[in-house]
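Worksheet for the structure shown next.
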Amino acid sequence: MIRRRSALALLAAAPLSLHVGAALASSAPVFASGGVAINGTDPVAYFDEGRPVAGAQGIAADWNGARWLFSSQANRDRFSADPEAFAPAYGGYCAWAASRGYVADTVPEAWTIHAGRLFLNASLRIRRRWERDIPGNVALADANWPAILG
């Protein structure tokens, strides 16, 4: 009976371990759906307006393998002049997930600016976890990120 339960537990865990292993092996440098970074949200607006703002298809810039959308020409120009100042950490993947060693998609509403960096999370619930120890989570995610990229 114990052997059967152990075998079933291993079989149940196998798909999860394969998924996480694949995420650790190699990820695209930027979270982009259909080639558009961070769900089409203007990364500069998080800093200037303190909220997510949808970008426009006609105001775009290509950087780091993805198309970034902006709500204004001025925001696009600022991003183009210094993309690393505005692009979210960990390529816009979930910062909490990166702190745990894997990638996850993000939603525009779950964001934080800390120490001049933009961090996105998979959900508002996950952002609350992230906020419990931002400096510690940043240290973990920064250490994990090179291996996640592969």
Side-chain angles (χ1 to χ4, degrees), residues 11-150:
L11 287 173
L16 177 61
S17 64
L18 290 174
H19 173 73
V20 171
L24 287 173
S26 179
S27 296
V30 172
F31 167 57
S33 298
V36 176
I38 63 170
N39 297 303
T41 305
D42 180 340
V44 178
Y46 285 106
F47 293 91
D48 290 351
E49 297 188 37
R51 64 186 180 96
V53 176
Q57 287 291 334
I59 309 172
D62 293 325
W63 178 74
N64 209 15
R67 176 151 288 225
W68 298 77
L69 303 182
F70 303 90
S71 58
S72 71
Q73 292 279 75
N75 283 4
R76 185 192 67 188
D77 294 346
R78 288 180 64 205
F79 181 88
S80 295
D82 188 5
E84 296 200 7
F86 299 103
Y90 322 119
Y93 289 103
C94 178
W96 168 260
S99 75
R100 299 309 184 252
Y102 63 96
V103 297
D105 296 352
T106 55
V107 297
E109 300 77 23
W111 63 281
T112 306
I113 293 178
H114 173 76
R117 293 172 73 188
L118 173 60
F119 299 94
L120 299 176
N121 289 114
S123 68
L124 294 173
R125 182 180 61 82
I126 293 297
R127 182 180 70 178
R128 286 190 294 276
R129 281 186 177 177
W130 169 257
E131 290 174 334
R132 289 180 193 156
D133 181 14
I134 293 175
N137 289 325
V138 168
L140 289 170
D142 285 351
N144 289 337
W145 189 241
I148 292 170
L149 280 180

Problem - Spatial distance of atom CZ (Arg76) from atom CG (Leu69) [nearest 0.5 Å] - result: 11.0 Å
Practice task
Over all heavy atoms of both residues, which pair between Glu131 and Thr112 is shortest? Give the atoms and the distance, please.
Solution key: OE2-OG1, 3.7 Å
Exercise for the section: Start with the C-alpha gap between Arg78 and Asp48, add the side-chain angles, then the distance that decides, and say whether salt bridge (charged side-chain N to carboxylate O under 4.0 Å, His left out) holds. Expected result: CA-CA 11 Å; Arg78 288 180 64 205; Asp48 290 351; 2.4 Å; yes
Handout entry: ring-ring contact (aromatic ring centres under 6.0 Å, His included) against Phe31, all qualifying residues, sequence neighbours excluded
Key = Tyr93
Problem - Ser71 backbone acceptor or donor facing Asn75 side chain under 3.5 Å - result: no
Handout entry: Inter-residue atom distance Arg51.CZ - Tyr46.OH, 0.5 Å rounding
Key = 11.0 Å
Exercise for the section: Can you see which heavy atom on Ala37 is nearest to which on Ala66, and at what distance? Expected result: CB-CB, 4.0 Å
Completion exercise
Residue set satisfying ring-ring contact (aromatic ring centres under 6.0 Å, His included) with Trp96, at least two apart, ordered chain then number -> none
Handout entry: Separation of Asn144 CG from Asn137 CG (nearest 0.5 Å)
Key = 10.5 Å
Practice task
Examine Phe79 together with Trp68 and report whether their ring centres are nearer than 6.0 Å.
Solution key: yes
Practice task
For Asp142, enumerate each residue passing the side-chain hydrogen bond (donor to acceptor under 3.5 Å, both in side chains) test, keeping only those at least two apart in sequence or located in another chain.
Solution key: Tyr90, Arg117
Problem - Nearest-0.5 Å distance, CZ of residue Phe70 to CD of residue Gln57 - result: 12.0 Å
Problem - Closest contact, heavy atoms only, Phe47 versus Gly116 - result: CE2-O, 3.7 Å
Exercise for the section: Measure the spacing between CG of Asn121 and CG of Asp105 and express it to the nearest 0.5 Å. Expected result: 12.5 Å
Handout entry: Distance-minimising heavy-atom pair for Ala87 and Trp63
Key = CB-CZ3, 3.5 Å
Practice task
Taking the side chain as every heavy atom from C-beta outward, state whether Trp130 and Arg132 have any pair of such atoms under 4.5 Å apart.
Solution key: no
Practice task
Please check if the side chain of Asp42 supplies one atom and the backbone of Gly55 the other of a donor-acceptor pair under 3.5 Å.
Solution key: no
Problem - Pairwise side-chain contact, Leu118 with Phe86, heavy-atom cut-off 4.5 Å (strictly under) - result: no
Problem - Euclidean distance, Asp133 CG relative to Ser99 OG, rounded to 0.5 Å - result: 9.5 Å
Completion exercise
Heavy-atom closest pair (Ile38 atom, Pro88 atom, distance to 0.1 Å) is CG2-CG, 3.8 Å
Exercise for the section: Quick one: closest heavy-atom pair of Ile126 and Cys94, and the distance? Expected result: CG2-SG, 3.9 Å
